[in-house]
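Each remark here refers to the structure printed beneath this line.
Just the heavy atoms: all of them, side chains too, but no hydrogens, waters or symmetry mates, feed the values below. Naming convention: chains lettered A, B, ... in sequence-line order (proteins, then strands); numbering from 1 in each chain. Bear in mind that the values here come from a model prediction, so they are computed numbers and not experimental data.
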2 protein chains.
Amino acid sequence: MTRASSRRPGPPTRTERGIPEATVARLPVYLRALTALSDNGIATASSEDLATAAGVNSAKLRKDLSYLGSYGTRGVGYDVEYLRYQIAREIGVTQDWAVVIVGIGNLGHALANYSGFGTRGFRIVALLDADPKLVGERIGDMEVRDFAELEDIVERDRVSIGVITTPAGPAQEVCDRLVAAGVTSILNFAPVVLSVPDGVDIRKVDLSIELQILAYHEQRKSGEAALPQVPELPAMNGLSDLPSVGGGVGA
Amino acid sequence: MTRASSRRPGPPTRTERGIPEATVARLPVYLRALTALSDNGIATASSEDLATAAGVNSAKLRKDLSYLGSYGTRGVGYDVEYLRYQIAREIGVTQDWAVVIVGIGNLGHALANYSGFGTRGFRIVALLDADPKLVGERIGDMEVRDFAELEDIVERDRVSIGVITTPAGPAQEVCDRLVAAGVTSILNFAPVVLSVPDGVDIRKVDLSIELQILAYHEQRKSGEAALPQVPELPAMNGLSDLPSVGGGVGA
DNA sequence: AGGAGCTTGTGAACGTGAGAACAAAATCGG
DNA sequence: CCGATTTTGTTCTCACGTTCACAAGCTCCT
């Protein structure tokens, strides 16, 4: 959760209509669970069913849904299609969002290739990279374009979401350009902390950090016994500054 | 934060030596910030400096570090190298962790190709896929091997971490096989909720969910004005069940 | 040596999130 | 039509996480 936007000092720290951030983060999970149920031909589901499908407990799910309104029926459960639509609307995926991907390296490639994308609320309108060797390359039905065209594209297609898949180095500059061009939501895969002005939302995905969190717990499981007790700086691993997935030569 | 492991009912809900989960999730960020400072030749840093580099506020950073011990010096700050080593040791990245990647589609490819990986605490020991057309393909200095070899590899190389980059369909089965083979930490990129026994840690990375969270906030920013007030189920978008990045034909 | 000036480590206040438990509302069977 | 049963929506309580604020401790200068 990395909201960078305006927190006005009003009394209830919750936003506008007031859905807690933790709940917002779970709504997409519910949406997917509902879709799965729907695909299985299930028309009605109890909070218990839904909670199981979504991997949470039913009390939490009910409370989450209560923030949206009273869409269930006591004694019966939730109408799958109806609830699904309500959540989709609340999240905002009943409309299409234009997305640009900047940095067409390994990961950028993977995301660009991911076909089941355009049909699901998000539409990739451009793949950008500053490396002339990449510009012009075709990926699926799209062509990599020069990063210099960013501003034009953002304006023309009303792009509000940018995905950064460059290496760490150029990420901040790319970010600044995106923001200056009018993008107000950024999904960052580069292993750096980006700074953005108020009103711009940033979320970060970082493979390396996820692995390190797993390693921490893994270490507790087995190695509990013999940890060297505060040794004096033995030659450590090359834990360096870019263990994420950033690809491409970026901007 | 998706720990599935044992929560014994002891009084302080905190684990073993007791580092809060929220703190654990930030330690890798601090580690990276320290490495960046170190690379810039900075030998000492205050909590303020570090906090800025890591994108958090200094009070939080100090409290987080205090769970590890007293590694700073009042009036001075922290020795960058020393603190870096202490955090690395705490996380467990001073040792090497063997990792297998299952599902060599677009994303599996991207992760496999990511070079700055083996040198940083995590060593990919195998790329696995069930699709015979992929088996044998060379990626970097590795070769894709048959998913059937999983058990042998896990045992031989003492693999404790598995990365799932298959599509949603086979993910649970792959997960079960991983667990049965002895893997106790799983990083899941497939857009499904995996169920695992106690003692196995799961973390999930889901592009589609991240985008949807951004979309939610984006909608609040602009569209605040005219939201159709609870319409009656208009033809909605094909919000379906696999908007993540899963690639390959998996197991 | 002693005081001024920093910076850490932590206790306490506050806010947010999770889970238990229950009352309100709906269906269904007789 | 009424009671039994089911399941939601909500209230209450507790645990967790964040932030503030300050005393303890270190260095440096005079």
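For DNA chain C, the neighbouring residues in residues 41-54 of chain B, judged by any heavy atom under 4.0 Å, are B:S46, B:S47.
When all heavy atoms of A:A25 and B:I213 are compared, the closest pair comes out as CA-CD1, 3.7 Å. The minimum heavy-atom distance linking A:F122 with A:I161 is given by the pair CE2-CD1, 3.9 Å. Nearest heavy atom pair, residue B:I164 against residue B:A171, reads CD1-O, 4.1 Å. Closest non-hydrogen pair, B:S160 versus B:W97, comes out as OG-CE3, 3.3 Å.
An OP1 or OP2 oxygen of D:dG9 is reached within less than 4.0 angstrom by a side-chain nitrogen or oxygen of A:Y78. For D:dT19, the OP1/OP2 oxygens have a side-chain nitrogen or oxygen of B:N57 closer than 4.0 Å.
The CG atom of B:L65 sits 11 Å away from the P atom of C:dT10 (whole-angstrom rounding). Across the protein-nucleic acid pair, A:E21 atom CD and C:dA18 atom C1' stand 17 Å apart, rounded to whole Å. Note: CZ (B:R26) to C1' (D:dC16) measures 12 Å, nearest angstrom. In this structure, the CG atom of A:L61 is 10 Å from the P atom of D:dG9, given to the nearest Å. Counting to the nearest Å, the C1' atom of D:dT8 and the CG atom of A:L68 are 14 Å from each other. Spacing between atom NZ of A:K60 and atom C1' of D:dG9 amounts to 18 Å, rounded to whole angstrom units. A straight line from CG of B:L83 to P of C:dT8 spans 11 Å, rounded to a whole angstrom. D:dT19 atom C1' lies 12 Å from atom CG of B:D64, rounded to whole Å.
Looking only at atom types and distance, the side chain of A:S185 has no donor-acceptor partner in the side chain of A:D201 under 3.5 Å away. Side-chain atoms of B:Q212 and B:S208 include a donor-acceptor pair closer than 3.5 Å. B:S46 and B:D49 are linked by a side-chain donor-acceptor pair at a separation below 3.5 angstrom, with hydrogens and angles left out of the test.
The base of C:dG19 sits with one of its N or O atoms less than 3.5 Å from a complementary donor or acceptor on the side chain of A:K63.
When the options B:V192, B:L187, B:I209, B:L194 are evaluated for a side chain to side chain contact (heavy atoms under 4.5 Å, CB included) with B:K204, the one that passes is B:I209.
Listed by chain and residue number, nothing satisfies the salt bridge (Lys or Arg N to Asp or Glu O under 4.0 Å) test with B:R62 (two or more places apart in sequence, or in another chain).
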At under 4.0 Å between heavy atoms, how does the protein contact nucleotides 22-30 of chain D? Give one character per nucleotide, 5' to 3', with B, S or -.
-BBBBS---

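Comparing C:dG9, D:dT8, D:dG17 by their nearest atom to the side chain of B:S70 picks out C:dG9.
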